Amino acid sequence: MLLKIVQTGEPVLRQGARTLTRAEIVSPEIQTLIELMRQTMHDAPGVGLAAPQIGQSLQLAVIEDVATVDETERQPVPFHVIVNPRLTLHDAAIDFFEGCLSVDGFQAIVPRAHDVTVEALDHRGEPVSIKASGWYARILQHEIDHLNGVLYIDRMHTRTFTTSRNAARLWQGEKPADILATLGQGRAPGI
């Protein structure tokens, strides 16, 4: 069964989600939710899905990426779950286009830290520490933002906001720095 992905404007996307206890994480209800989120993410298709995106205000996200793209340091990431994550940013921000299953049909250039550390619980309620860089670090930041009521449109360079079709038509193969120079670097106030 696929879950409905809610779109921007739904209040659950703008609220901080509640943490889960270990007992809740290992419960049949949450284990079933994790599997349904995995199926929904694959069907969308996406590389991450946070519980608020399916209308559940829970500190829970699923992540998996199968692609390899050298330009964005994108490498395959096996399926995993993060619960109650704490994010530490390292290094300077890197600009690149992002989209979101809950802001369907649009993209923008978003600055994200190149390197991050995430302390979380896994699908068994066990502590995990994740050190990530490149595209994987971007995915983690994006999904953890969802758990805190933040969307990429809050962090984007506002002048780069575009339909996915126009991003592909106008900017495919262009470097984000060149796009920003062409459009100007308008940016929403920091969060």
Side-chain angles (χ1 to χ4, degrees), residues 1-21 24-69 72-87 96-108 110 112-113 116-126 128 130 132-156 164 167 191:
M1 175 178 96
L2 297 177
L3 304 169
K4 180 183 177 194
I5 298 174
V6 301
Q7 294 299 305
T8 188
E10 292 287 339
V12 69
L13 292 173
R14 294 313 204 153
Q15 300 164 353
R18 77 169 182 85
T19 59
L20 293 166
T21 65
E24 288 176 304
I25 296 167
V26 299
S27 72
E29 295 81 15
I30 294 298
Q31 292 300 306
T32 298
L33 180 64
I34 288 169
E35 182 53 34
L36 292 174
M37 287 176 66
R38 180 182 194 171
Q39 292 171 18
T40 301
M41 175 184 67
H42 288 166
D43 182 71
V47 295
L49 186 66
Q53 292 182 272
I54 47 100
Q56 300 292 316
S57 187
L58 303 171
Q59 291 266 329
L60 165 70
V62 298
I63 295 170
E64 181 177 22
D65 192 5
V66 296
T68 301
V69 180
T72 58
E73 297 181 47
R74 187 172 178 182
Q75 299 295 321
V77 176
F79 178 80
H80 64 288
V81 175
I82 56 172
V83 182
N84 305 338
R86 289 176 320 209
L87 175 69
F96 209 81
F97 273 103
E98 267 183 46
C100 179
L101 298 174
S102 291
V103 187
D104 196 31
F106 294 92
Q107 295 183 26
V110 181
R112 298 279 189 188
V116 300
T117 302
V118 175
E119 304 293 333
L121 300 176
D122 66 11
H123 67 284
R124 296 179 309 274
E126 298 296 326
V128 293
I130 301 167
S133 62
W135 198 257
Y136 182 28
R138 181 172 293 274
I139 294 168
L140 287 165
Q141 291 168 81
H142 181 108
E143 298 309 324
I144 292 169
D145 270 355
H146 276 301
L147 305 180
N148 295 307
V150 176
L151 298 174
Y152 82 87
I153 56 177
D154 300 319
R155 299 189 185 279
M156 70 183 179
S164 296
I191 293 183

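What you are looking at is a predicted structure, and each value in this text was computed from that prediction instead of being measured. This chain uses plain numbering: 1 for the first residue, then up along the sequence.
For R38, there are no salt bridge (charged side-chain N to carboxylate O under 4.0 Å, His left out) partners, not counting sequence neighbours.
Formation of a donor-acceptor pair under 3.5 Å by the D122 side chain with backbone atoms of R124 is found in this model. Of the possible polar contacts, one joining the E143 side chain to the A50 backbone as a donor-acceptor pair under 3.5 Å is found. Formation of a donor-acceptor pair under 3.5 Å by the Q15 side chain with backbone atoms of L147 is not found in this model. Formation of a donor-acceptor pair under 3.5 Å by the S102 side chain with backbone atoms of T8 is not found in this model. Checked by atom type and distance alone, the side chain of E73 never pairs as donor or acceptor with a backbone atom of S133 at under 3.5 Å.
Expressed to the nearest 0.5 Å, how far CD1 of I25 lies from CG of L58 amounts to 10.0 Å. The CG atom of D43 lies 8.0 Å from the CD1 atom of I5; values are rounded to the nearest 0.5 Å. The line from CD1 of I130 to CG of L87 is 10.5 Å long, rounded to the nearest 0.5 Å. Atom CG of L33 sits about 9.0 Å away from atom OG1 of T40, to the nearest 0.5 Å. The OG1 atom of T21 sits 9.0 Å away from the CD1 atom of I30 when rounded to the nearest 0.5 Å. In this structure, M41 CE and I54 CD1 are separated by 12.5 Å, a value rounded to the nearest 0.5 Å.
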Evaluate Q31 against E35 for side-chain hydrogen bond (donor to acceptor under 3.5 Å, both in side chains), listing each step before the verdict. CA-CA 6 Å; Q31 292 300 306; E35 182 53 34; over 6 Å; no

For Q53 and L3, run side-chain contact (heavy atoms from CB on, under 4.5 Å): C-alpha distance rounded to whole Å, both residues' side-chain angles, the deciding distance at 0.1 Å, then the answer. CA-CA 10 Å; Q53 292 182 272; L3 304 169; over 6 Å; no

Does the pair I63 and H142 meet the rule for a side-chain contact (heavy atoms from CB on, under 4.5 Å), with working shown? CA-CA 11 Å; I63 295 170; H142 181 108; over 6 Å; no

Show the numbers, then the answer: is there a side-chain contact (heavy atoms from CB on, under 4.5 Å) between D154 and D145? CA-CA 10 Å; D154 300 319; D145 270 355; over 6 Å; no

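Pairing each heavy atom of G99 with each of Y152, the nearest pair is C-CE2, 3.9 Å. The shortest heavy-atom contact between A113 and A137 is O-CB, 4.0 Å. Between A167 and Q107, the shortest heavy-atom distance links the atoms CB-OE1, 3.8 Å. The two atoms that bring P52 and L13 nearest to each other are O-CD2, 3.7 Å, heavy atoms only. Taking both residues in full, the closest heavy atoms of G16 and S57 are given as O-OG, 3.7 Å, listed atom of the first, atom of the second, then distance. In terms of heavy-atom proximity, P76 sits nearest to V66 at CG-O, 3.9 Å.
Looking at L49 and H146, their side chains never come closer than 4.5 Å, going by heavy atoms from C-beta outward. Contact annotation: the side chain of L20 never approaches that of Q59 to less than 4.5 Å [non-hydrogen atoms, C-beta and beyond]. Looking at heavy atoms from C-beta onward, W135 lies out of side-chain contact with V77 at the 4.5 angstrom threshold.
Checked for salt-bridge contact, R138 and D65 miss the test: no charged N lies under 4.0 Å from a carboxylate O. Between E24 and R18 there is a salt bridge, since a side-chain N of the basic residue sits under 4.0 Å from a carboxylate O of the acidic one. The pair R155-E98 does not meet the salt-bridge criterion, since no charged nitrogen lies less than 4.0 angstrom from a carboxylate oxygen.
Under the 30°/60° scheme for interplanar angles, the aromatic rings of F79 and H42 are found to stand perpendicular.
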